[in-house]
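Structure record follows, encoded as structure tokens.
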There are 2 protein chains.
Amino acid sequence: MNQPLSSTEENYLKAIFKLCEQSDKPASTNDVALALNTRAASVTDMLKRLAEKSLINYVKYKGVTLTSSGRTIATSLIRKHRLWEVFLTDKLNFGWEEVHEIAEQLEHIKSNELTNRLEAFLNFPKYDPHGDPIPDSDGNFQYRQQVLLADVPLHTEVIIVGVSEHETPFLQYLEKLNLILGAKLVIQESFEYDQSILVTINQSTTQNISAKVAKNIYVQKI
Amino acid sequence: MNQPLSSTEENYLKAIFKLCEQSDKPASTNDVALALNTRAASVTDMLKRLAEKSLINYVKYKGVTLTSSGRTIATSLIRKHRLWEVFLTDKLNFGWEEVHEIAEQLEHIKSNELTNRLEAFLNFPKYDPHGDPIPDSDGNFQYRQQVLLADVPLHTEVIIVGVSEHETPFLQYLEKLNLILGAKLVIQESFEYDQSILVTINQSTTQNISAKVAKNIYVQKI
DNA sequence: ACGTATTTTTAGGCTAGTCTAAAAATATTA
DNA sequence: TAATATTTTTAGACTAGCCTAAAAATACGT
Ligand SMILES: [Mn+2]
Ligand SMILES: [Mn+2]
Ligand SMILES: [Mn+2]
Ligand SMILES: [Mn+2]
């Protein structure tokens, strides 16, 4: 027992973690299939194997949650993913829209010593380039209190602290609009018609932002 | 066609490259099996598939060599392996005996941009922590003229530039004896009895070195 | 050159992981 | 609550990669 997991098995654990993270309810077979871009039948297959290894709690037709050893592995993957993303942006000067795909590969490198030394080399960062918290070596996250830009009232000054989507086109688009981590925003107007909002960015330019974008940006009041 | 290769396929190409590097003759099925710690039947299987993809020249019963596209992939793997080894020693302070295993994983990360930026970040190193040359992005090696310590005549001053084995115990042993890259050696005596030699290290200590060790250390006259 | 030893390939089977199609269970709606 | 819709599981098949055992090809010694 306790032989190293395949990248595939690791990806299932990570997906289940993320699906259960918010709601705390079990994840459905279909949700997992959707998250991993695979089919429900393949998921059922894998759930049986992961349950066999005591990494998940799986009840037929009732969904899946992680056991504590499953959660340990999942958080370690997220930790590695986010630390590598910091490495790629801070040390190799990649843009925040380029790092996710490479980190998807790097997160599967197996060496705790490597992870810990990388963390030290990066000066123990607490957040990744997208503003997501980096768990410590015990798997504890430092969650930040944050709200969606879409839920912020008018005339409140806020600062961008994160995004809820990591896909390249979205991040490139934000970059273009100067909507990067740390940017200061004030909502000037909200349009009923299409739920878009008018925001002032860094006390200089003023931009119209679609509802879709506003729902994917996390901000903090200052 | 030209879909990305699996790590397994990449490892076969790397092994074939190394087997053909010195001798220039085709590698035998058994040699490949030995190098990859697998069975001859599995090798035959894979050789058929790699030949199908035009990555190797394979003639039944006659052995295998790389095609030029096979060689491109193999050298890219070696390039990545050695650059990561430099990263691990120079930036993360790993010992030269700890890096090989981790680099075996890292060499399969797919991103040319990553490799090239890593190379720049490391200031374009020409040799890895074991003294092996790092090919450039076109796959060209800068070979060094070097001889085995075992073949050096008495009383010649030489400097350690490389090792021909990367296994942890061997490298740890060298470390213990202060036989690290850059150490200056002079052979004082050679013993017929067991082919061991007596060497002065860095003009200070004098050590007896077994024939086995002396055959795995590369040196340069100075 | 011929018989023996070695090397290599073939044959057939195994596991992990994937898929589609069909069956079974659960949820929804009238 | 009974019919229908949705979700999930099962059944069966496929590929990559690996294995052992047997057959075929090649190399070697006398
Ligand atoms: Mn990411
Ligand atoms: Mn991220
Ligand atoms: Mn190495
Ligand atoms: Mn090396």
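First the proteins, then the strands, lettered A, B, ... as listed; each starts at 1.
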Flag the pair B/Glu119 and B/Arg79 as a salt bridge only when some basic side-chain nitrogen lies within less than 4.0 angstrom of an acidic carboxylate oxygen. yes
salt_bridge(A/Glu113, A/Arg117) N-O dist < 4.0 Å: yes
Of the candidate nucleotides D/dA24, D/dT8, C/dA21, which contains the atom at the shortest distance from the side chain of A/Ala41? C/dA21
Against the side chain of A/Ser28, the closest entry in D/dT8, C/dT18, C/dT7 is D/dT8
Rounded to the nearest angstrom, tell me the gap between atom [atom1] in [X] and atom [atom2] in [N].
| X | N | atom1 | atom2 | result |
| --- | --- | --- | --- | --- |
| A/Glu10 | C/dA16 | CD | C1' | 15 Å |
| A/Met46 | C/dA16 | CE | P | 10 Å |
| B/Leu5 | D/dT15 | CG | P | 19 Å |
| B/Leu47 | D/dG17 | CG | C1' | 13 Å |
| A/Arg39 | C/dA22 | CZ | P | 15 Å |
| B/Asp45 | D/dA16 | CG | C1' | 9 Å |
| B/Asp31 | C/dT8 | CG | P | 7 Å |
| B/Asn30 | D/dT26 | CG | P | 16 Å |

When the nearest nucleotide of DNA chain C is assigned to A/Arg49 and to A/Tyr61 on a heavy-atom basis, which residue is associated with the more 5' position? A/Arg49
5' priority, DNA chain C, between B/Gly63 and A/Ser6 [closest heavy atom]: B/Gly63
Would you mind classifying the nucleic acid contact of [X] as base, sugar-phosphate or nothing, using non-hydrogen atoms under 4.0 angstrom?
| X | value |
| --- | --- |
| B/Thr29 | sugar-phosphate |
| A/Ser42 | base |
| B/Thr8 | sugar-phosphate |

Are any of [X]'s side-chain N or O atoms less than 4.0 Å away from OP1 or OP2 of [N]?
| X | N | result |
| --- | --- | --- |
| B/Lys62 | D/dA25 | no |
| A/Thr38 | C/dG17 | no |
| A/Lys60 | D/dT10 | yes |
| B/Tyr12 | D/dC18 | yes |

Test item: [X] and [Y] side chains (from C-beta on) under 4.5 Å apart, heavy atoms:
| X | Y | result |
| --- | --- | --- |
| B/Val199 | B/Asn208 | no |
| B/Val163 | B/Phe170 | yes |
| A/Ile16 | A/Leu47 | yes |

